[in-house]
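Every chain is numbered from 1 and lettered A, B, ... according to where its sequence line falls, protein lines coming before strand lines.
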Protein chains: 2
Amino acid sequence: MSRQTIEEYLETIKTLEEMEGSPVRTSSLARVLTVSPASVSEMLQRLSEKGMVRYTPYSGVSLTEKGLQQVLKLTRRHRLWEVFLNRHLGIGWEEVYDEACNLEHNTSGMVAEKLANYLGNPAVCPHGSPIPDENLRLPEKSGTPIANLETGKKAKITRITNEINSELLHYLTGLGIVPGAEIEVIEKASFDGTITIKAGESIKAVSAEVASFIEVEPAN
Amino acid sequence: MSRQTIEEYLETIKTLEEMEGSPVRTSSLARVLTVSPASVSEMLQRLSEKGMVRYTPYSGVSLTEKGLQQVLKLTRRHRLWEVFLNRHLGIGWEEVYDEACNLEHNTSGMVAEKLANYLGNPAVCPHGSPIPDENLRLPEKSGTPIANLETGKKAKITRITNEINSELLHYLTGLGIVPGAEIEVIEKASFDGTITIKAGESIKAVSAEVASFIEVEPAN
DNA sequence: AAAAATAATAAGGAAAACCTAACAATATAA
DNA sequence: TTATATTGTTAGGTTTTCCTTATTATTTTT
Ligand SMILES: [Mn+2]
Ligand SMILES: [Mn+2]
Ligand SMILES: [Mn+2]
Ligand SMILES: [Mn+2]
């Protein structure tokens, strides 16, 4: 298995563990990687032999500590590049994910650390996701999904947890829902979870699905 | 043929056309790419079918206009990254080649142009090699190999044409022979072309082979 | 609890990019 | 100018990663 292929599989497993829970199913991986389920089965056996994942046939797959460390290394490089592309090159936060995804696999440890230093060791990427530190440690999770916020309470948006869907991010930008924005929940529809949000002067509603990607920290 | 593989072959053909003349021989490619001559033969046939090269069996290979444009695009990206790595991240000019070589293949046109703008549209890389402009045009060649410089004449080093060999570059750095340095040729041995150079206060000799990589522009 | 539907794996095969070994062409030397 | 050495290509294989088409396991429905 080539390094590139291993990295693609491990990253996707991590993303799906967070999105759909662990263990991750073969079919989910096949869908996201756009390969056949048969190919995934085959690859998971090999990744398992390499000690990167725990794989139980017909059940699913999860990362081992070794696999997780590998992914954290890539995540650090990915998010550092996002910061550079966004802050220094002026590429919109909606677009940086894909570009960083290409660069991360071809970045040496030396370049990664020099880049971190150049950027002032940022703690989060343009989407508000934490950047693993030099030793690949992450801070305690602090934000909460906006659905947990009480109506009438002010809060700050800290993170958008779907970084891949650039159309979603453009949509949110149009609503003023971006990391750092001060907002207030006006109403939560008990029927289907649609949330009405005041951002700046404008009041807009978002579906429960979109809301699930918005993390906030209540104002004190 | 994967994009990555095509790019490796085309770049190497271009480098060898400059170093050893055109057409490039199968054996040269095999040596530089560290694959067997048989593999090269096979690949050249495929590149030829794609219209990237002109290939005459038993004779050699050269780039078509299409292949050349592809290489110029990569060269632009490569050298822009070198400038960034050297000037902004502080990575030595001796080391930037390899790092840039990894990044260049995973850089979109958008990132390349934003990067060029961020860097102030530099004309040359840290080794003094010209950076193709946005339309992939290169300036007229202006420097001359140091062997062509008359004894006693002052000149400025404009370029080191071997960017890959980091040991060579470290050696030259130790001698003060770096792009931008003011130097003077003290003596040229007619026997084997060894050249004695004054750089700053120090006077050092370099072999004809090393000298062949040093380009200068005579002081006016 | 059996039948049907869904999901996952196994078997067998293809394409890309490499290899070695045999053969062919070209260059060099006798 | 023939013999020898070098260089290059072709033939036949291997490995990796993907595929399609069974077959098997699990889940859902009746
Ligand atoms: Mn990636
Ligand atoms: Mn991000
Ligand atoms: Mn390269
Ligand atoms: Mn350079």
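- For the segment residues 41-61 of chain A, the set of residues with a heavy atom within less than 4.0 Å of an atom of DNA chain D comprises E42(A), M43(A), R46(A), Y58(A), in numerical order.
- In Q4(A), the CD atom is crowded: over 12 heavy atoms of neighbouring residues, nucleotides or ligands sit closer than 6.0 Å.
- Once rounded to the nearest 0.5 Å, the distance linking CG of N135(B) with CG of L72(B) reads 11.5 Å.
- Below 30°, between 30° and 60°, or above 60°: for H88(B) and Y118(A) the angle between ring planes is above 60°, a perpendicular geometry.
- When only modelled atom types and interatomic distance are considered, T151(A) and E187(A) share no side-chain donor-acceptor pair under 3.5 Å.
- Side-chain atoms of K141(A) come within 3.5 Å of backbone N or O of G143(A) as a donor-acceptor pair.
- With sequence neighbours excluded, the residues satisfying side chain to side chain contact (heavy atoms under 4.5 Å, CB included) with R159(A) are R79(A), S129(A), P130(A), T161(A), E215(A).
- When all heavy atoms of R76(B) and P132(B) are compared, the pair lying nearest together is NH1-O, 2.8 Å.
- At distances below 3.5 Å, not a single donor-acceptor pair connects side-chain atoms of S39(A) with backbone N or O atoms of V35(A).
- Annotation: proximity of residues 2-11 of chain A to DNA chain D (heavy atom, distance under 4.0 Å) is found for S2(A), T5(A), Y9(A), numbered in ascending order.
- Scanning all heavy atoms of the two residues, the minimum distance from I6(B) to M52(B) falls at CG2-CE, 4.3 Å.
- Counting 5' to 3', DNA chain D first comes under 4.0 angstrom of a heavy atom of chain B and last does so at the ends given by dG8(D) to dT10(D).
- Of the residues in residues 15-36 of chain A, R25(A), T26(A), S27(A) come within less than 4.0 Å of DNA chain C through at least one heavy atom, sorted by number.
- With rounding to the nearest 0.5 Å, the separation of CD in E95(B) from CG in L89(B) is 13.5 Å.
- Pairs passing the ring pair (Phe, Tyr, Trp, His ring centres under 6.0 Å) check and including a residue from residues 49-80 of chain B, sequence neighbours excluded, read H78(B)-Y97(B).
- The shortest heavy-atom contact between V124(A) and V83(A) is O-CG2, 3.7 Å.
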